[in-house]
Enquirer: 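Shown below is the structure under consideration.
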Amino acid sequence: MNYANKHSNHEASWQHISFILAVTALILFARKPDALLNPQFWAEDGVIFFLEQYKQGVSAIFKPYAGYYHLVPRLVALYTDRFFPYTLAPSIYNYSCFLISIGVVASVFSPRFKVPYKVLFA
């Protein structure tokens, strides 16, 4: 018996997945409501990633910071710089983080991620 058949009775339905993602969103909001209600740049988001994107353009994506390449914050900076007014930049950063976090939880339910009790794992 293969692994998928053995644990298929533990798979979550789309209703369960939707519920878990809604609970995830509520937990993230309850943990730090000011991040979504009164967004501000935090740490290197504004003074490094957004400012370098503003000054250097697309080439800033390939610039390491503290010895590492930070692709996600740099892509958020690029997207924000290209499509939104600068006054919305902190909001775009915070909502992007919020959506990426929910996306990570949603990825647990991928059929390629083979673990039993995905609901508990999420």
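The residues of the chain are indexed from 1 along the displayed sequence.
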Enquirer: Working to the nearest 0.5 angstrom, can you tell me the gap between I100 CD1 and S107 OG?
Expert: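 Between I100 CD1 and S107 OG, I get 12.0 Å after rounding to 0.5 Å.
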Enquirer: Identify the two heavy atoms, one from V108 and one from K118, that lie closest to each other, and give their separation to 0.1 Å.
Expert: O-CD, 3.3 Å
Enquirer: Specify whether F50 and Y93 have parallel, tilted or perpendicular ring planes, treating 30° as the upper limit for parallel and 60° as the lower limit for perpendicular.
Expert: perpendicular
Enquirer: Do L71 and L99 land in one hydrophobic cluster if side-chain heavy atoms of ILVMFWY residues count as linked below 4.5 Å?
Expert: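 Unlinked, L71 and L99 end up in two clusters.
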Enquirer: Taking a hydrophobic cluster as the set of Ile, Leu, Val, Met, Phe, Trp and Tyr residues connected by side-chain heavy atoms closer than 4.5 Å, whether directly or through intermediates, do F109 and V104 fall within one such cluster?
Expert: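 No, no single cluster joins them.
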Enquirer: Should Y86 and T80 be marked as a side-chain contact (heavy atoms from CB on, under 4.5 Å) after you check the CA-CA gap, both sets of side-chain angles, and the distance that decides it?
Expert: CA-CA 8 Å; Y86 297 138; T80 303; 6.0 Å; no
Enquirer: Using the rule that two of Ile, Leu, Val, Met, Phe, Trp, Tyr join whenever any of their side-chain heavy atoms come within less than 4.5 Å, decide whether I17 and F98 are in one cluster.
Expert: yes
Enquirer: Closer than 3.5 angstrom, by distance alone: can the side chain of N94 be matched with the main-chain N or O of P39 as a donor-acceptor pair?
Expert: no
Enquirer: Same hydrophobic cluster for L36 and I92, using side-chain heavy-atom links shorter than 4.5 Å among ILVMFWY?
Expert: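 Unlinked, L36 and I92 end up in two clusters.
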Enquirer: Would you say R74's side chain and F62's backbone share a donor-acceptor pair under 3.5 angstrom?
Expert: no
Enquirer: Donor-acceptor pair, distance only, cut-off 3.5 Å: does the side chain of S59 make one with the backbone of Q56?
Expert: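 Side chain of S59 to backbone of Q56: a pair is present.
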Enquirer: Which is it for E44 and L51 under the side-chain contact (heavy atoms from CB on, under 4.5 Å) test, yes or no, and what are the steps along the way?
Expert: CA-CA 9 Å; E44 47 286 297; L51 185 59; over 6 Å; no
Enquirer: Within the side chain of K63, is there an N or O that forms a donor-acceptor pair under 3.5 Å with the backbone of E52?
Expert: no
Enquirer: Aromatic ring centroids of F113 and F121 under 6.0 Å?
Expert: yes
Enquirer: Does CZ in F19 sit with more than 12 non-hydrogen atoms of other residues, nucleotides or ligands closer than 6.0 Å?
Expert: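 Check fails, neighbour count at 12 or below.
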Enquirer: Centroid separation under 6.0 Å, is that true for the rings of F83 and Y79?
Expert: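 Judged by ring-centre distance (under 6.0 Å), Y79 and F83 do meet the cut-off.
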Enquirer: Can you tell if the side chain of V58 reaches within under 4.5 Å of the side chain of R82, non-hydrogen atoms only?
Expert: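 Yes, at least one pair of side-chain atoms sits under 4.5 Å.
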Enquirer: Please find the pair of heavy atoms, one from D81 and one from Y54, that lie closest to each other, and give the distance.
Expert: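 Heavy atoms only, the tightest pair is OD1-CD1, 4.3 Å.
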Enquirer: Could you measure the distance from the CG atom of D45 to the SG atom of C97? Nearest 0.5 Å is fine.
Expert: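 Taking CG in D45 and SG in C97, the distance rounds to 8.5 Å.
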Enquirer: Nearest 0.5 angstrom please: R31 CZ to L28 CG, how far?
Expert: 7.0 Å
Enquirer: Report the distance from atom CD1 of I61 to atom CG of L75, rounding to the nearest 0.5 Å.
Expert: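 So the gap between those two atoms works out to 5.0 Å.
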Enquirer: Hey, are the side chains of L21 and H16 touching, using non-hydrogen atoms and a 4.5 Å cut-off?
Expert: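 Answer no - side chains too far apart.
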Enquirer: For V47 and F41: C-alpha separation, side-chain torsions, deciding distance, then whether side-chain contact (heavy atoms from CB on, under 4.5 Å) applies.
Expert: CA-CA 8 Å; V47 295; F41 280 130; over 6 Å; no
Enquirer: Looking only at heavy atoms, what is the nearest atom pair of L88 and F84, with distance?
Expert: CD1-CD2, 4.3 Å
Enquirer: What orientation do F49 and Y65 show, parallel under 30°, tilted 30 to 60°, or perpendicular over 60°?
Expert: perpendicular
